[in-house]
There are 2 protein chains.
Amino acid sequence: MAEKDRDVLTREEGAVRRGFGPTMAEVAALAGVTKMTVSRVLRQPQKVNPDTRERVSSAMASLGYVPNRLAGSLTSGATGLIAAIVPTLRHSIFADVLEGLSDVISDAGLDLFVSFSSYRTDVEEGQIHSILERRPDGLVLTGLTHTIASREILRSFGVPVVETWETSEAPIDMMVGFSNRDAAHAMTSELIRAGYRRIAFVNGSPRNNERARLRAEGYLTAIAEAGLSAPPIHVVEHDADIGPEIGGRALMAVRQQTPDVDAIFFTSDIFAVGAILACRELGIGVPDQIGIAGFHDLEIGRVVSPTLTTVHVPAIEMGRKAGHMLLGRLSNASASPGRHDLGFSLVLRESARRTKG
Amino acid sequence: MAEKDRDVLTREEGAVRRGFGPTMAEVAALAGVTKMTVSRVLRQPQKVNPDTRERVSSAMASLGYVPNRLAGSLTSGATGLIAAIVPTLRHSIFADVLEGLSDVISDAGLDLFVSFSSYRTDVEEGQIHSILERRPDGLVLTGLTHTIASREILRSFGVPVVETWETSEAPIDMMVGFSNRDAAHAMTSELIRAGYRRIAFVNGSPRNNERARLRAEGYLTAIAEAGLSAPPIHVVEHDADIGPEIGGRALMAVRQQTPDVDAIFFTSDIFAVGAILACRELGIGVPDQIGIAGFHDLEIGRVVSPTLTTVHVPAIEMGRKAGHMLLGRLSNASASPGRHDLGFSLVLRESARRTKG
DNA sequence: CCCCGCTATGATACCCGTAACATACATAAT
DNA sequence: ATTATGTATGTTACGGGTATCATAGCGGGG
């Protein structure tokens, strides 16, 4: 009662509301109950008498009440927020992960919060700090390469974390992905099987990115196993602004350095497609004169001519699995960390299908 | 002092912390100041004596303090959160808007919060409610078509809202985009200029989407102005799961219904590219036997052969502009609503470049 | 030497909910 | 009739910050 009066008084004094809309106290006053009952109508309706519930509901409706989750989360300790950091959305590689993730968590009533790191771990570190200030219930990171400070703060904070896109190393917490090393190894072996002998590899920078490093390992191993020699790996330094032109330029650079190259394995379809277009312009025959393979299985690889041989990665599935892992942890705090290998598959299309050897 | 003691006491009693990490009060105790001074070190460092500042900073560092923004936002009324609702990330159309938006707002220290509506206004309405519970500082919506309830709650709540992808109608608040009608009109006129006379239009469902409706208007107007007649518009019902195959099927359906069709204007590059691939398989010559045009200017249109004639839309710019509009409003609450037409451009490539008339 | 104004810091109240416990009845079990 | 068991609602005390106003110390002008 005291509370109700106080609140009515506040309104009558004409206090200007800083925030938006009416508060739970106002709804309570209108319905003739306390805040606690209003809160129950929202969280545990079955614990409220149907008549009361109805009165409260119509009070909420008539005032246009929208609960303030900031306040709720402050006490309850749960924000219902999942944060994700991806390098970029410029191509669908990481967008698919977000779609899968969103799909799963939104069914559980959680919301998604996104940051773009531009492939930079230092940027990522700042974003992690900023994200933790919002106390998310979980975090999804891209890759396993993070600054030491990032790993430490995440560990000490104890937030559930899922790292994606790899599976072999020691994660901060949970992990879902596939073996980039095996995938690169498999594709390289496939190129060899198809008859190529002088196979170059165009990679992203392995400096801030374990995917690139592991793919290089897989490539080199496969080459060595076949008793072949590997031309120097061509490293493409890039930020988020990736485009096919880069692949075209890489093609020319590789051919200049290694004139007898007969196949190029690109670390991304984006580059591989650029190389195919460049070959078309330069009159270089794909796949006979040069074989081209990519990574990611993007739509452009299906659309280009000749169609692109590539590695299919389980992007959507990684997002979905990451979501399920977080949900599992949230409903059972002591759930085991969990590491999941979702595998990959080779997609053999025209660009590396040699018709004559 | 009293406060400090109380807090130390709490710690000594061994109270288990529900949330994460140390609180501002603990930092204050360690530094021998009050919470208020710690707060100032974070928000207005220049108001704190350098010595004190240093003591507080090292206390924060040694405890691994991460401020709780939920608590801060509750009082300050600002969350530093911008929410965006897009239909999907399946193709880069909307992803580009998010990139542009994120780019601008993250420089201002704001974070991004994303929901996927799957092109459904009823889903969007639920998401708007959920979003408002988090009290974002601003909201970016895709398109102008929203449920009445959505428009009402947003208006009454008074959050800054930017609607995107159109420019001609009455927005909830602010708006940035281009004229879908004019764009469709321009492309249709271009097809006519190029010599096509029996031009079909393949559209998305105009039911929940003013973009589709306005593009149809532009198309029909251009056809009428040229004294031609329009074949029945082929409507593709789709959800977020859009793929090129849909375009291939649409091509066959249109050719069946209108055998003398000599050009098809698709409402998205995704469909147009699918049609080009289908034509290749069916042995239909593009652009001579049939002209194909798309919308959006996606990368696949640059990569497919023949390359795709399309409408370039200012996706990244819309995102950036939306960000700037929100920032403007946040720094000056009375800033005018603002409507911005960013225009479009035709990209004439091979798929509608007739070599013989 | 007094008052002014500025700087640095503190005290207090409050933001808007929820957890946890208390209370008031009503009904069921003994 | 008495106690146990529920059900419906209220009371109280925070959660972890920030706005606001108060206060102490200090140099300068008259």
Side-chain angles (χ1 to χ4, degrees), chain A residues 1-4 6-7 10 13 15-29 31-56 60 65-80 133-135, chain B residues 1-7 10 13 15-29 31-56 60 63 65-80 133-135:
Chain A
M1 277 299 148
E3 177 177 15
K4 218 162 61 186
R6 199 184 337 125
D7 212 79
T10 306
E13 285 173 330
V16 175
R17 168 75 23 60
R18 212 194 331 253
F20 304 99
T23 70
M24 188 175 269
E26 291 171 60
V27 173
V33 297
T34 54
K35 290 191 296 182
M36 213 43 238
T37 301
V38 178
S39 177
R40 286 198 189 94
V41 169
L42 292 169
R43 313 282 156 225
Q44 327 170 55
Q46 79 291 349
K47 287 203 169 184
V48 178
N49 180 300
D51 292 350
T52 314
R53 200 191 305 158
E54 182 47 44
R55 243 183 22 257
V56 171
M60 292 197 294
Y65 173 65
V66 178
N68 184 332
R69 211 155 169 189
L70 296 172
S73 301
L74 189 55
T75 30
S76 71
T79 52
E133 296 190 357
R134 299 190 188 278
R135 301 295 190 267
Chain B
M1 278 302 147
E3 176 176 15
K4 220 161 57 183
D5 291 347
R6 196 183 338 123
D7 211 78
T10 307
E13 284 171 333
V16 176
R17 169 75 22 62
R18 215 196 327 259
F20 305 97
T23 70
M24 189 174 270
E26 291 172 60
V27 173
V33 297
T34 54
K35 290 192 296 182
M36 212 43 239
T37 300
V38 178
S39 177
R40 285 198 189 96
V41 170
L42 292 169
R43 312 287 154 221
Q44 326 170 53
Q46 78 293 349
K47 286 202 170 184
V48 179
N49 181 299
D51 291 350
T52 314
R53 201 192 303 157
E54 183 47 42
R55 248 190 10 264
V56 171
M60 294 197 292
L63 291 176
Y65 172 65
V66 178
N68 185 330
R69 209 153 171 188
L70 295 171
S73 301
L74 188 55
T75 328
S76 71
T79 52
E133 295 190 356
R134 298 189 189 277
R135 303 294 191 270

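Quick note: numbers below take in every heavy atom, side chains included, and nothing from hydrogens, waters or symmetry partners. Each chain gets a letter, A, B and so on, in the order its sequence line appears, and its residues count up from 1.
- No donor-acceptor pair closer than 3.5 Å links the side chain of B/Arg135 to the backbone N or O of B/Ser73.
- Here D/dT20 presents its C1' atom at 14 Å from NZ of B/Lys35, a figure rounded to the nearest Å.
- Among the heavy atoms of the strands lying under 4.0 Å from B/Thr52 are primed sugar atoms or P, OP1, OP2 only; no base atom is included.
- A donor N or O paired with an acceptor N or O is found under 3.5 Å between the base of D/dG10 and the side-chain atoms of A/Arg40.
- Contact of B/Thr23 with D/dG16 (side chain to base): no donor-acceptor pair of N or O atoms is detected under 3.5 Å.
- Within the 4.0 Å cut-off from OP1 or OP2 of D/dT9, not a single side-chain nitrogen or oxygen of A/Thr37 is found.
- Using a 4.5 Å heavy-atom cutoff, the side chains of A/Leu42 and A/Met60 are in contact.
- Note: CZ (B/Arg134) to P (C/dG17) measures 14 Å, nearest angstrom.
- When rounded to the nearest whole Å, the span between CZ of A/Arg43 and P of D/dT9 equals 18 Å.
- Here the side chain of B/Ser76 pairs a donor or acceptor atom with the backbone of B/Gly72 at under 3.5 angstrom.
- For B/Tyr65, a side-chain nitrogen or oxygen approaches OP1 or OP2 of D/dG17 to under 4.0 Å.
- The CG-C1' distance, from B/Leu70 to D/dT18, rounds to 14 Å in whole Å.
- Counting only distance, with no hydrogens or angles, the side chain of B/Arg53 and the backbone of B/Val48 share a donor-acceptor pair below 3.5 Å.
- Neither OP1 nor OP2 of C/dG17 sits under 4.0 Å from any side-chain N or O of A/Ser76.
- Using a 4.0 Å heavy-atom cutoff across all strands shown, A/Val38 reaches no nucleic acid atom at all.
- The CG atom of B/Asn49 sits 12 Å away from the P atom of D/dC26 (whole-angstrom rounding).
- Between the CG atom of B/Asn68 and the P atom of D/dG16 there is a distance of 7 Å, given to the nearest Å.
- In this structure, A/Gly72 and B/Arg53 both approach DNA chain C, and ranking their closest nucleotides by distance from the 5' end singles out B/Arg53.
- Within the 4.0 Å cut-off from OP1 or OP2 of D/dG15, not a single side-chain nitrogen or oxygen of A/Thr75 is found.
- For B/Met24 and D/dG16, the CE to P distance is 12 Å, given to the nearest whole Å.
- Among C/dA19, C/dT9, C/dG17, the nucleotide with an atom closest to any side-chain atom of A/Met36 is C/dA19.
- Taking atom CD on A/Gln46 and atom C1' on D/dT7, their separation rounds to 12 Å, with Å as the unit.
- How far CG of A/Leu74 is from CG of B/Asn68: 6.0 Å, rounded to the nearest 0.5 Å.
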